Number of protein chains: 2
Amino acid sequence: MERIAAMNIADQIYSATDSATQDRAQAIRDQLRDAIVDRRLAPGTKLSEGEVGTLFDVSRTVARAALQMLSFEGLVRTERNRGAFVANPSPEEARQVFASRRLIEPGIAIAACGRVTAADIAAFKAQLDEEGRFIAERGPTARRSEIKASGDFHLLLAAVAGNAILQRFMEELVARSSLVIALYGRSGVSACGHSEHTEIVGALGSGDCGLASRLMLHHIDHIEADLDLRVRAGPALREALNF
Amino acid sequence: MERIAAMNIADQIYSATDSATQDRAQAIRDQLRDAIVDRRLAPGTKLSEGEVGTLFDVSRTVARAALQMLSFEGLVRTERNRGAFVANPSPEEARQVFASRRLIEPGIAIAACGRVTAADIAAFKAQLDEEGRFIAERGPTARRSEIKASGDFHLLLAAVAGNAILQRFMEELVARSSLVIALYGRSGVSACGHSEHTEIVGALGSGDCGLASRLMLHHIDHIEADLDLRVRAGPALREALNF
DNA sequence: GCAAAAAAGATTGCATACGATTTATGTGCA
DNA sequence: TGCACATAAATCGTATGCAATCTTTTTTGC
């Protein structure tokens, strides 16, 4: 039941972006992006055109278009004559992702606060329930769903803010954040993040836009503080070996 | 001589983005984008794959990739089985473009202010000279160059800010702004904009980051204030007829 | 046994071909 | 004349083929 509610939220989020869903490439991109954000595809994984094509039962032409889209979003890195790989963001890139979010999301919180409706608040509540359920559960599947739900909160906020351009920027930033957390995350951000999401919704509900904005800024700082962005031998080696 | 200096600036701006310039599609995209930003291609102009292909002497495959890139940037709108058209932003889209810039650019000004070097200041000065020269000149060619130079100022600032992600967002926003101004611009923003650019560089040079940020915000407001975003019969009709 | 060169294999870049869909044109009928 | 319908042209969506490039394996020389 609430699963259906969550689906509706997701639909609502995507409907603004994929309104004129042009072709199959878009669908493949969405599936691949979900897989990357859910960490079913690890950073550095090779995504060959042929493999993707046969997997989705389309020609290389279509697969290539999907990979090109992901490349624009920064989720895959393509090298000429070598192919596409799930992005392996450097610590510097990670810092830039979060610097961008620190700049944009407080403003999005204010915009959303100024436009939020009772129905939106209800959607946020459903979203928070969804998050809470996955935190309670155990196992890798619940973990993935939790990561996705956590990102969806930020996307829902961007949707409520009502600016399609910023919404698309946020989709990119949230997706890339997921990669960054996968690579550099130290602990489970989950419990801490969920309570902060709840506080933000509270501020939205009471119409305190300044508070919502400040809470968002702190929330992002907390997520970034959980990262270990020191250059490690592991990832550097893996990147050097093109793994 | 200063023309060469300007080229270097442009190279500097693009080098961060097109570092791994993968193929010819990128080059075609750049040329088309320049043409759109320069208003040599009017909003609504049809860009058929075949035409673009023969024009640049490549196959439809490559032309299509270039158009897809422009579609992601919001510079062209593609309709399934109908083709690609230079984007025709609605007043609502125009508002969103400038709302995004109001949110992002003051922060970029602060970031740039914190990292600006003497060499950067010199580059800004060269950029301002470039702008000034085109304002002084007359004729449509100078006009186009002036529009481009005005946008390049904002892109240079984004480059100095040192965040590749925000830089790319700004490239998109500046390009779309050019379309918006082409459609809804009332007067020549030029003289006013140039003096404001000069003030911003002054603030950067004296290290007053707060001032630079405020000046940027006012600058964006001034540009937007020059727009006439009321729904007009003209554009609405043209859009309805898919022209 | 090891290093370097050469060949084989795999994968991408790009062009072209064909079916599907849309748009333009022409014809018959009221 | 005006409208409906059928036909033709143009354009897009997608698959496939070939050359170029990169990677891996094998071979060869020392």
Side-chain angles (χ1 to χ4, degrees), chain A residues 18-32 36 41-88 237-243, chain B residues 18-32 41-73 75-88 237-243:
Chain A
D18 304 352
S19 54
T21 174
Q22 50 180 340
D23 45 4
R24 277 182 284 177
Q26 192 98 350
I28 293 172
R29 178 197 74 149
D30 289 344
Q31 286 203 244
L32 284 178
I36 293 172
L41 286 170
T45 304
K46 166 139 206 212
L47 301 172
S48 91
E49 297 175 356
E51 204 173 347
V52 172
T54 54
L55 204 65
F56 288 95
D57 201 45
V58 295
S59 77
R60 272 182 50 220
T61 307
V62 177
R64 187 186 179 82
L67 290 173
Q68 194 187 359
M69 293 189 215
L70 291 168
S71 168
F72 283 130
E73 292 180 279
L75 288 185
V76 314
R77 160 183 49 95
T78 62
E79 297 177 23
R80 180 169 179 98
N81 282 322
R82 290 208 1 110
F85 305 83
V86 178
N88 213 330
L237 181 61
R238 284 167 70 188
E239 198 173 339
L241 297 176
N242 273 320
F243 173 67
Chain B
D18 303 351
S19 54
T21 174
Q22 49 180 339
D23 46 6
R24 278 181 283 177
Q26 192 97 351
I28 294 173
R29 176 197 75 150
D30 289 345
Q31 285 203 244
L32 284 178
L41 286 170
T45 305
K46 166 140 207 208
L47 301 173
S48 93
E49 296 176 357
E51 204 173 347
V52 172
T54 54
L55 204 65
F56 288 94
D57 201 45
V58 294
S59 77
R60 270 181 53 219
T61 306
V62 177
R64 185 185 179 82
L67 291 172
Q68 193 188 358
M69 294 189 216
L70 291 168
S71 167
F72 283 130
E73 292 180 278
L75 288 184
V76 315
R77 161 182 49 95
T78 62
E79 296 178 22
R80 181 172 178 92
N81 282 320
R82 287 204 7 105
F85 305 83
V86 178
N88 213 330
L237 181 61
R238 283 168 70 186
E239 200 173 338
L241 298 175
N242 271 323
F243 173 66

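Small disclaimer: the values here were computed from a predicted structure and weren't measured. Quick note on labels: first sequence line is chain A, next is B, and so on, each numbered from 1.
Of the residues near DNA chain D, K46(B) and V58(A), the one whose nearest nucleotide (by heavy atom distance) lies more toward the 5' end is K46(B). Between E51(B) and V62(A), it is E51(B) whose nearest contact on DNA chain D lies nearer the 5' terminus.
Here side chain to side chain donor-acceptor pair (under 3.5 Å) pairs that include residues 51-63 of chain A, with residues two or more places apart or in two chains, are E49(A)-R60(A).
Taking OG1 of T45(A) as the reference point, atom CG of N88(A) lies at 9.0 Å (rounded to 0.5 Å). Rounded to the nearest 0.5 angstrom, F85(B) CZ and K46(B) NZ are separated by 5.0 Å.
Across the protein-nucleic acid pair, R64(B) atom CZ and dT16(C) atom C1' stand 15 Å apart, rounded to whole Å. One atom, CG of L47(A), and another, C1' of dA10(C), lie 16 Å apart when rounded to the nearest Å. Here dT16(D) presents its P atom at 10 Å from CG of D57(A), a figure rounded to the nearest Å. Between the C1' atom of dC12(D) and the CZ atom of R24(A) lies a distance of 13 Å, rounded to the nearest Å. We find that CD of E49(B) is positioned 16 Å from P of dA17(C), with the value rounded to whole Å. Between Q26(B) atom CD and dG13(C) atom P the separation is 12 Å, expressed in whole Å. Here the C1' atom of nucleotide dT14(D) and the CG atom of D23(A) are 10 Å apart, to the nearest Å.
A87(A) approaches G74(A) most closely through the heavy-atom pair CB-O, 3.5 Å.
Across all strands shown, S48(B) has heavy atoms under 4.0 Å from sugar-phosphate atoms exclusively, and none from any base.
Between I36(A) and V76(A) the shortest side-chain heavy-atom distance falls below 4.5 Å. M69(B) is listed as a side-chain neighbour of Q68(A), based on a closest heavy-atom distance under 4.5 Å.
Comparing dT12(C), dT11(D), dT14(D) against the side chain of T61(A) picks out dT14(D) as the nearest.
Between the axis at the start and the axis at the end of the helix from dG1(C)-dC30(D) to dA30(C)-dT1(D) there is an angle of 10°, using five pairs per end and rounding to 10 degrees.
In this structure, R82(A) does not reach the dT12(C) phosphate: none of its side-chain N or O atoms is under 4.0 Å from OP1 or OP2. OP1 or OP2 of dA15(C) has at least one side-chain nitrogen or oxygen of S59(B) nearer than 4.0 Å.
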- Task: Would you please test Q31(B) and F56(B) for side chain to side chain contact (heavy atoms under 4.5 Å, CB included) and show each step?
- Result: CA-CA 10 Å; Q31(B) 285 203 244; F56(B) 288 94; 3.5 Å; yes
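Between L70(B) and the options I28(B), V86(B), L32(B), a side-chain contact (heavy atoms from CB on, under 4.5 Å) holds for only L32(B).
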Could you go over nucleotides 17-21 of chain D and give all protein N or O partners under 3.5 Å, atom names and distances?
{"residue": "dT21(D)", "atom": "O3'", "partner": "N81(A)", "partner atom": "ND2", "Å": "3.3"}

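Partners of A63(B) by side-chain contact (heavy atoms from CB on, under 4.5 Å), not counting sequence neighbours, listed by chain and number: V52(B).
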